[in-house]
Amino acid sequence: MVLEYEVEEREIVRRGSEGDTKEAFDFSSKVTFYKKNAKETQSLLSQVSSSQITPSQDCKEIVESQCKYSLESDSDSENASISPGKYDISSYSFQLDPGQSKKQNIKRTYFACQKNPEQLKTSNLNEHITSILEVLEKNSHSQGEKWRAFAYGKAIRVLKNAKFKVNSVEDAKKLHGIGLKIQEKIQEILETGQLRRVQLESSDERTVTFNLFSQVFGAGPATVTKWYSQGFRTLEDLKQKAKLTYQQEIGLAYYEELQQKIPREEVTQIGKIVSDTAIAIVPGLKVVVCGSYRRGRQECGDVDILMTHKKTNCLTDLLPRIIQELEKVHFLTDHLTKIENTDKYMGVCQRAPGMPHRRIDIKLFPRHEWACALLYFTGSGHFNRSIRLWARKLSMSLSEHALVRRYSETEKGEPVPVKSEQEIFQVLGLKYQAPEQRDI
DNA sequence: TGGCTGTACTG
DNA sequence: CAGTACA
DNA sequence: GCCA
């Protein structure tokens, strides 16, 4: 049923429960890219499949020779299905052997980039715990303990996705990602309704200040630590005494505004402004609002806009022209990246005078990278990390540019010519997830 | 005990 | 290069 | 902080 991965569990490990094995092996994977010296792949595959790839097939070559898909071909990539003659990835897939199921449970646990579609979004039954863990996550994060924060984040997701309310440490133990320390914390929460450590930290000047400062755009743990040690405690201190980078100045200037969520409707309007402006300059441009908006959220943290051009691979200086125009009409108010020589823009915009300022990212990708770019820019962040990790385990590497074979840590092959999000899932042997399902 | 995603921009 | 950011 |  569900394929999940260790980092991104959505659910308790229901070992031996019904249905688990059978459907899990409905998993056809792109192991065309199998290579003997790719150690991890080898072990993964030996766990996963007893069927061998025909040794003489250098799959990479085969796939490449059959996959000359044209950049000019104007099938709408978003919903394109694989056209068999041209691009028959499926003929290189292999079926997993159900008999191997038991062994694989090791890695085969649950996988967030491949959650069960029938597992519809339910309300968070463990709000009483997650709300407290979220404080710990935030505190860890602003102090630069990123892996601790990562672990809290994982525990929080797993609790939110649990189908039952955690009423005991025993319940919590069943969830993958909850270890001893978090169990102790859950126990205390269940007994007292709170966590002393959180109470202490919420009145601790250092913690409070770190959290305050780390929400300034451009200020991370290192900067925040420096500011704190210099004796700064308020945003006023920073404005008056701290040495700020340009990004931090902007971040401070719009500190409150940028914390606000953006109603979906406003994101739609912002998207239209950008789209209309851009297409007026460059006819034929394709513009899609991604991020949490594309995942269907009613409120978004920022606006993510992805562009590509149907006709050409050469997009040089296109983005600067668009940015300049958006600036001219007073839509963009501040830049967080330099506007020349970039195809990844970050800035601040305002839909109309008097409206709050909003963070906006605009990225331009060549057509052949569209699928990977769309997948990346739609997220979520956790989803991306999960699917990228899965790709890594298959000795592949997924980025916003391409999906490639990984021959070693540093050596990578030519991109697998995926032209839709569906194909990326297919190549990775994962069931397609609509954007809404990636909101994890 | 080491890995926990992969990339681009800033200064 | 370290730091920060993006999903 | 969790897991293999």
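Computed from a predicted model, the values in this text were never measured in an experiment. Hydrogens, waters and symmetry mates are skipped; everything else that's a heavy atom, side chains included, is used. Each chain gets a letter, A, B and so on, in the order the sequences are listed, and its residues count up from 1.
With rounding to whole Å, A:Glu369 atom CD is found 9 Å from B:dA8 atom P. Here the P atom of nucleotide B:dG6 and the CG atom of A:Leu394 are 12 Å apart, to the nearest Å. With rounding to whole Å, A:Leu389 atom CG is found 20 Å from C:dA7 atom P. As rounded to whole Å, 12 Å separates atom C1' of B:dA8 from atom CZ of A:Phe377. In this structure, OH of A:Tyr345 is placed 15 Å from P of C:dA7, rounded to the nearest angstrom. The CD atom of A:Glu145 sits 18 Å away from the C1' atom of B:dG3 (whole-angstrom rounding). We find that CZ of A:Arg406 is positioned 8 Å from P of B:dT7, with the value rounded to whole Å. In this structure, the NZ atom of A:Lys344 is 12 Å from the P atom of C:dC6, given to the nearest Å.
Regarding contacts with the backbone of C:dA7, every side-chain N or O of A:Arg295 stays at 4.0 angstrom or more from both OP1 and OP2. In this model, the phosphate group of B:dT5 is approached by a side-chain N or O of A:Arg385 to a distance below 4.0 Å at OP1 or OP2. Here A:His176 reaches the OP1 or OP2 of D:dA4: one of its side-chain N or O atoms lies under 4.0 Å away. Side-chain nitrogen and oxygen atoms of A:Thr337 include none within less than 4.0 Å of the OP1 or OP2 phosphate oxygen of B:dA8. In this model, the phosphate group of B:dG6 is approached by a side-chain N or O of A:Arg392 to a distance below 4.0 Å at OP1 or OP2.
Checking A:Gln247 against A:Ala402, the closest nucleotide of DNA chain B that is more toward the 5' end is the one next to A:Ala402. Two residues, A:His401 and A:Asn384, neighbour DNA chain B, and the one matched to the more 5' nucleotide by heavy-atom proximity is A:Asn384.
Using a 4.0 Å heavy-atom cutoff across all strands shown, A:Lys338 reaches sugar-phosphate atoms only and no base atom. Among the heavy atoms of the strands, none lies under 4.0 Å from A:Ala155. A:Lys412 comes within contact range of the sugar-phosphate backbone alone, with a heavy-atom separation under 4.0 Å but no base atom that close. A:Tyr152 comes within contact range of the sugar-phosphate backbone alone, with a heavy-atom separation under 4.0 Å but no base atom that close. Residue contacts for A:Leu375: at a heavy-atom cut-off of 4.0 Å it reaches no nucleic acid atom on any strand shown. Residue contacts for A:Ser292: at a heavy-atom cut-off of 4.0 Å it reaches no nucleic acid atom on any strand shown. Residue contacts for A:Thr223: at a heavy-atom cut-off of 4.0 Å it reaches the sugar-phosphate backbone alone, with no base atom in range. Nucleic acid contact class of A:Val216 (heavy atoms, under 4.0 Å, all strands): sugar-phosphate only.
Looking only at atom types and distance, the side chain of A:Ser380 has no donor-acceptor partner in the side chain of A:Arg438 under 3.5 Å away.
Comparing atom distances between the A:Thr245 side chain and each of B:dG11, C:dC6, B:dT7 picks out B:dG11 as nearest. Across B:dT7, D:dA4, B:dC9, the shortest atom-to-atom separation from the side chain of A:Thr342 is found for B:dC9. Between B:dG6, B:dG11, C:dC6, one nucleotide has an atom nearer to the side chain of A:Phe217 than all others, and that is C:dC6. Among the nucleotides C:dG3, D:dC2, B:dC4, the one closest to the side chain of A:Ala222 is C:dG3. Of the candidates C:dC6, C:dG3, B:dC9, the closest approach to any side-chain atom of A:Asp343 belongs to B:dC9.
A:Phe213 and A:Trp227 have perpendicular rings, their planes meeting at more than 60° on a 0 to 90° scale where under 30° would count as parallel.
Closest approach of A:Val208 and A:Glu201 over heavy atoms only: CG2-O, 4.1 Å.
In this structure, the ring of A:Tyr345 has its center less than 6.0 angstrom from the ring center of A:His335.
Under the stacking definition used here (centres under 5.5 Å, planes under 30°), the residue A:Trp147 qualifies as stacked on the base of B:dC4.
Cation-pi geometry between A:Arg367 and A:Phe365 is not satisfied (NZ or CZ under 6.0 Å from the ring centre, within 45° of the ring normal). Stacking of A:Arg351 on the aromatic ring of A:Phe331 is not recorded, the 6.0 Å distance cut-off and the 45° axial limit not both being met. The side-chain tip of A:Arg297 does not point at the ring of A:Tyr293 from less than 6.0 angstrom away and within 45° of straight on.
Straight-line distance between the P atoms of D:dC2 and B:dG6: roughly 24 Å, to the nearest whole Å.
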